[in-house]
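The structure appears below as structure tokens.
Residue numbers start from 1 in every chain, and the chains themselves are labelled A, B, ... in the order their sequence lines are given, proteins ahead of strands. The figures that follow rest on heavy atoms only: side chains count, while hydrogens, waters and symmetry mates do not.
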Amino acid sequence: MSDNAVASSGAATTSPAEDEVLAELTAPVPEVGDGGPEMVQLLTPEGQRVENTEYDEYVKDLTDEDLRGFYRDLVLIRRVDAEATALQRQGELGIWASLLGQEAAQVGSGRAMRPQDYAFPTYREHGVAWCRGVNPLNLLGLFRGVNHGGWDPNEKNFHLYTIVIGAQTLHATGYAMGIQRDGAVGTGDPDRDSAVIAYFGDGASAQGDVNEAFVYAAVNNAPVVFFCQNNQWAISEPNERQTRIPLYQRARGFGFPGVRVDGNDVLAVYAVATQALNAARSGQGPTFVEAYTYRMGAHTTSDDPTKYRVSAEVEVWKHRDPIERLKAYLVHEKMADHDFFEALDREADELAVAVREGCLSMPDPTPDSMFDHIYVEPHPVVEAERREFAAYHAGFEGEGSH
Amino acid sequence: MGTMTIAKGINNGLRAAMERDPKVVLMGEDIGKLGGVFRVTDGLQKDFGEERVIDTPLAEAGIVGTAIGMALRGYRPVVEIQFDGFIYPAFDHIVSQVAKMRARSLGKVKLPMVIRIPVGGGIGAVEHHSESNEAYFAHTAGLKVVCCSNAEDAYWMIQQAIESDDPVLFYEPKRRYWDKGEVDEASAPRPLLAAQVCRAGTDATLLAYGPMVKTCLQAAEAAAAEGKELEVIDLRTLSPLDLDTIAASVEKTGRAVVVHEASTFLGMGAEIAAELQQRCFYHLEAPVLRVGGYNLPYPPSKLEEEFLPDLDRVLDAVDRSLAF
Ligand SMILES: Cc1ncc(C[n+]2csc(CCOP(=O)(O)OP(=O)(O)O)c2C)c(N)n1
């Protein structure tokens, strides 16, 4: 694939003067809120469609119905997220990692996947899970403390959430190497050729695991897309505490293309992710996609962002809201009318109620279930402890306190 | 003399160490403006600057690996690992490099660094935030491993760990961070590598450290109401273990129950039980018993109360010991 982002940061044809080299080295990273000229964008923050010769082709076949579908995804997953945040505030979830502001990055990439593709998420990919058809209630279990994930990753090709930062990028790469060995790359059969997409944050880009994943993916030409949601913050640490060059440019050093896309522009994300996934499926190896976005809320419900960032920054990003942007476009192009938005609001209300009720009626795990599923084969220590546990608890029976 | 939380005790201890020695630097994720996710380093970057309170990139191998280099250069890095479950990316550096540097250099170099790790469960967190991994490091020769359980120790032990010329893993019981206690900043502290008898008793000895000390003191209180006098020892140092203090108590009471949150299999309790049967065989009235987490991955938080030792399980073990 041709990659203007990489080309634009490539070596100059004539050798630059020393001061030019120095100037480049000390050039400030883009201000927060400025994705820079290389950033792929198809919709302006005001919802105006802008032309992009390279990426237009990936969205040209999208129907009005598809675009309304994207909008529906954005609205519904934001509603699930808001409901989960409310449930946390009411003590029903121990903690919640909100995706507020990152809906377009997740829906755009999630919708670019084919059923046979596989996603390896971190812990905030509720929108990707939604696109894969994972029941949102499944996502709540981990945060409610009733399980560590619990869903079958192979049912929707959506792996379990990963809390240890960056670990999943290696798993994704290995999975992609398996796809290669299964001959499910570059056959030309759209139902067979497969790719993997690994989600991680800007902070994660500092981890050794992530950098090792880049190396493995590159040397193996693995069909994996590294999808970094650069939401500008790793808890309290801004980008410049993790990197001194724009993240997408890192890919070049590992030997594969990197693209920066406006992460609040669902069309652009869809286009860039489609291109990257196509490249992977057809045997062209990995791509790094940096979705330039912003974490509108706290890192998690336990975090207090007022300790480390200014509210003016948040205000700037409010004007780039991914949902308002698409709505403006839909309305302007007369692709959606009042009835559509009304019906969607009702659907969102109903979904919120279902999430709430589902959460409240989620049963606590039975105590002895902690002895389940540790090993595939019977394990004498686990079984002995299970018996001890039962005997100990039987001793309390009738005392009323237990 | 003042009353403060364990978190504040560590904060004050770090501050005192930094004031005393300009070579002391702090490193870790979110420890600057945010003051760490538990606010243990609150205000220190403001007062000592970004050169001494370093917000590191999100990379634990990097944190420990670069701290090694700084220590080689004469600094005294104190690194914060955000949660117990995130120490593993740095595991290789700790066990292969930190622990062995002194011996490899035939004593030519020292690594005076401290690795602070909030430890244990009971806070309703998601996975990887509640682990007790002290045994991995206590098992590794070349490291010192200590664990505070109260504000006074928090204040003093962190300073002593920083002053130590050997690398120290410093465990902080996260669910007790907000427990308050008296801190005497004027008196001389007890030695870093010594256990402490924190309640005297004659019927059996409870051995604990970190978060379980409070549980054991409560158990002893409850047992006293039934006429049983339990001695409670706060181990404080896990490697090296203060076996003299432990053995003296067990020789007196004849019974020992070791309590920790970590799984019992090959845990601290296993080592203590083995040592006690070698040292005090003829004084023992009952086998040394262990109460710990089950030999399972730490479960989802709705089950952690079942998983973690509580007062009842400690008292049950005491009863079993006394029944011999
Ligand atoms: C190995 C590891 N270290 C530390 C943490 C604690 N932690 C959880 S999220 C986070 C910040 C992650 O930032 P980023 O990768 O940018 O992702 P974001 O949450 O912003 O989506 C940290 C430090 C962790 N989960 N895993």
Side-chain angles (χ1 to χ4, degrees), chain A residues 94-95 97 123 141-150 161 163-167 201-211 234-238 241-243 299 302-305 307-309 364-371 374 379 381-382 384-386 388-389 392-393 395-396 401-402, chain B residues 28-39 42 45 50 54-63 65 82-83 85-90 92-93 123-130 263-265 291-307 312-313 316-317 319-320:
Chain A
I95 193 174
Y123 42 74
L142 173 81
F143 297 98
R144 189 169 165 84
V146 302
N147 58 38
H148 288 322
Y161 276 178
I163 304 274
V164 180
I165 298 294
D202 44 297
S205 70
Q207 280 288 0
D209 277 7
V210 175
N211 289 274
I235 309 189
S236 74
E237 298 194 17
R241 291 308 305 163
Q242 317 288 344
T243 184
H299 170 69
S302 314
D303 171 40
D304 173 12
K307 287 206 71 150
Y308 54 80
R309 74 182 186 188
D364 282 356
T366 60
D368 74 338
S369 68
M370 67 181 158
F371 296 94
I374 311 300
H379 190 287
V381 174
V382 172
E385 285 199 338
R386 187 200 291 274
E388 266 171 42
F389 181 81
Y392 175 67
H393 282 267
F396 287 107
S401 65
H402 272 250
Chain B
E29 295 158 9
D30 302 294
I31 67 169
K33 269 197 187 137
L34 188 66
V37 289
F38 291 108
R39 310 292 185 263
D42 212 15
Q45 190 181 63
E50 293 181 13
I54 305 167
D55 263 335
T56 65
L58 206 184
E60 287 76 11
I63 294 173
Q82 207 156 69
F83 278 90
F86 309 141
I87 189 72
Y88 307 114
D92 172 49
H93 278 284
I123 61 164
V126 294
E127 56 179 348
H128 311 297
H129 288 72
S130 305
S263 301
T264 52
F265 187 74
V291 181
Y294 296 101
N295 295 290
L296 306 172
Y298 196 88
S301 60
K302 291 273 187 194
L303 293 177
E304 64 184 343
E305 279 182 27
E306 304 284 351
F307 178 85
D312 284 336
R313 276 177 62 201
D316 177 69
D319 286 346
R320 278 186 285 133

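With a 4.5 Å cut-off on non-hydrogen atoms, B:Gln82 touches chain A through its side chain but not through its backbone. Using a 4.5 Å cut-off between heavy atoms, B:Glu304 does not touch chain A at all. With a 4.5 angstrom heavy-atom cutoff, B:Thr264 touches chain A only via side-chain atoms. In this structure, chain A has no heavy atom under 4.5 Å from any part of B:Glu305. Proximity to chain B (any heavy atom under 4.5 Å) is shown, for A:Val164, by both the backbone and the side chain. If you measure heavy-atom distances from A:Ile235 to chain B, the contacts under 4.5 Å come from both the backbone and the side chain. Heavy atoms closer than 4.5 Å to chain A are found in both the backbone and the side chain of B:Asn295. Looking at A:Asp202, there are no atoms closer than 4.5 Å to chain B (heavy atoms on both sides), in backbone or side chain. Contacts of B:Phe307 with chain A are made by both backbone and side-chain atoms, with heavy-atom separations under 4.5 Å. With a threshold of 4.5 angstrom between heavy atoms, A:Ala167 does not approach chain B through any atom at all. For B:Arg320, no part lies near chain A; criterion is any non-hydrogen pair under 4.5 Å. Contacts between A:Leu142 and chain B at a heavy-atom distance below 4.5 Å involve backbone atoms as well as side-chain atoms.
Of the possible polar contacts, none joining the A:Arg241 side chain to the B:Thr56 backbone as a donor-acceptor pair under 3.5 Å is found. Without hydrogens or angle criteria, B:Glu127 side chain to A:Ile163 main chain gives no donor-acceptor distance under 3.5 Å. A donor-acceptor contact shorter than 3.5 Å is absent between the side chain of A:Glu237 and the backbone of B:Leu58. Side-chain atoms of A:His148 come within 3.5 Å of backbone atoms of B:Tyr298 as a donor-acceptor pair (strictly under, hydrogens ignored). Checking side-chain atoms of B:Tyr294 against main-chain N and O of A:Met370 turns up no donor-acceptor pair under 3.5 Å.
Your options are A:Asn147, A:Val210, A:Ile95, and the one with the most heavy-atom pairs under 4.5 Å with chain B is A:Asn147. Looking only at heavy-atom pairs under 4.5 Å with chain B, the residue among A:His299, A:Gln207, A:Gln242 that has the most is A:Gln207. When each of B:Leu296, B:Ile123, B:Val126 is checked for heavy-atom pairs under 4.5 Å with chain A, B:Leu296 comes out on top.
In this structure A:Asp368 satisfies the side-chain contact (heavy atoms from CB on, under 4.5 Å) test together with A:Thr366, A:Phe371, A:Arg386, A:Phe389, sequence neighbours excluded. Every residue was checked against the salt bridge (Lys or Arg N to Asp or Glu O under 4.0 Å) condition with B:Lys33, not counting sequence neighbours, and none meets it.
Annotation for A:Pro367 and B:Leu303: closest pair CA-CD2, 3.7 Å, computed over non-hydrogen atoms. In terms of heavy atoms, A:Ala206 sits closest to B:Ala59 at O-CB, 3.4 Å.
Between A:Lys307 and B:Asp42 there is a salt bridge, since a side-chain N of the basic residue sits under 4.0 Å from a carboxylate O of the acidic one.
B:Pro297 is listed as a side-chain neighbour of A:Ile374, based on a closest heavy-atom distance under 4.5 Å. Under the 4.5 Å side-chain criterion, counting only non-hydrogen atoms from C-beta, A:Val146 is not in contact with B:Pro300. Here the side chains of A:Phe396 and B:Asp312 are in contact, with some heavy-atom distance below 4.5 Å.
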Test side chain to side chain contact (heavy atoms under 4.5 Å, CB included) applied to A:Ile165 and B:His128, step by step: CA-CA 11 Å; A:Ile165 298 294; B:His128 311 297; over 6 Å; no
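Rounded to the nearest 0.5 angstrom, B:Lys302 NZ and A:Ser369 OG are separated by 13.0 Å.
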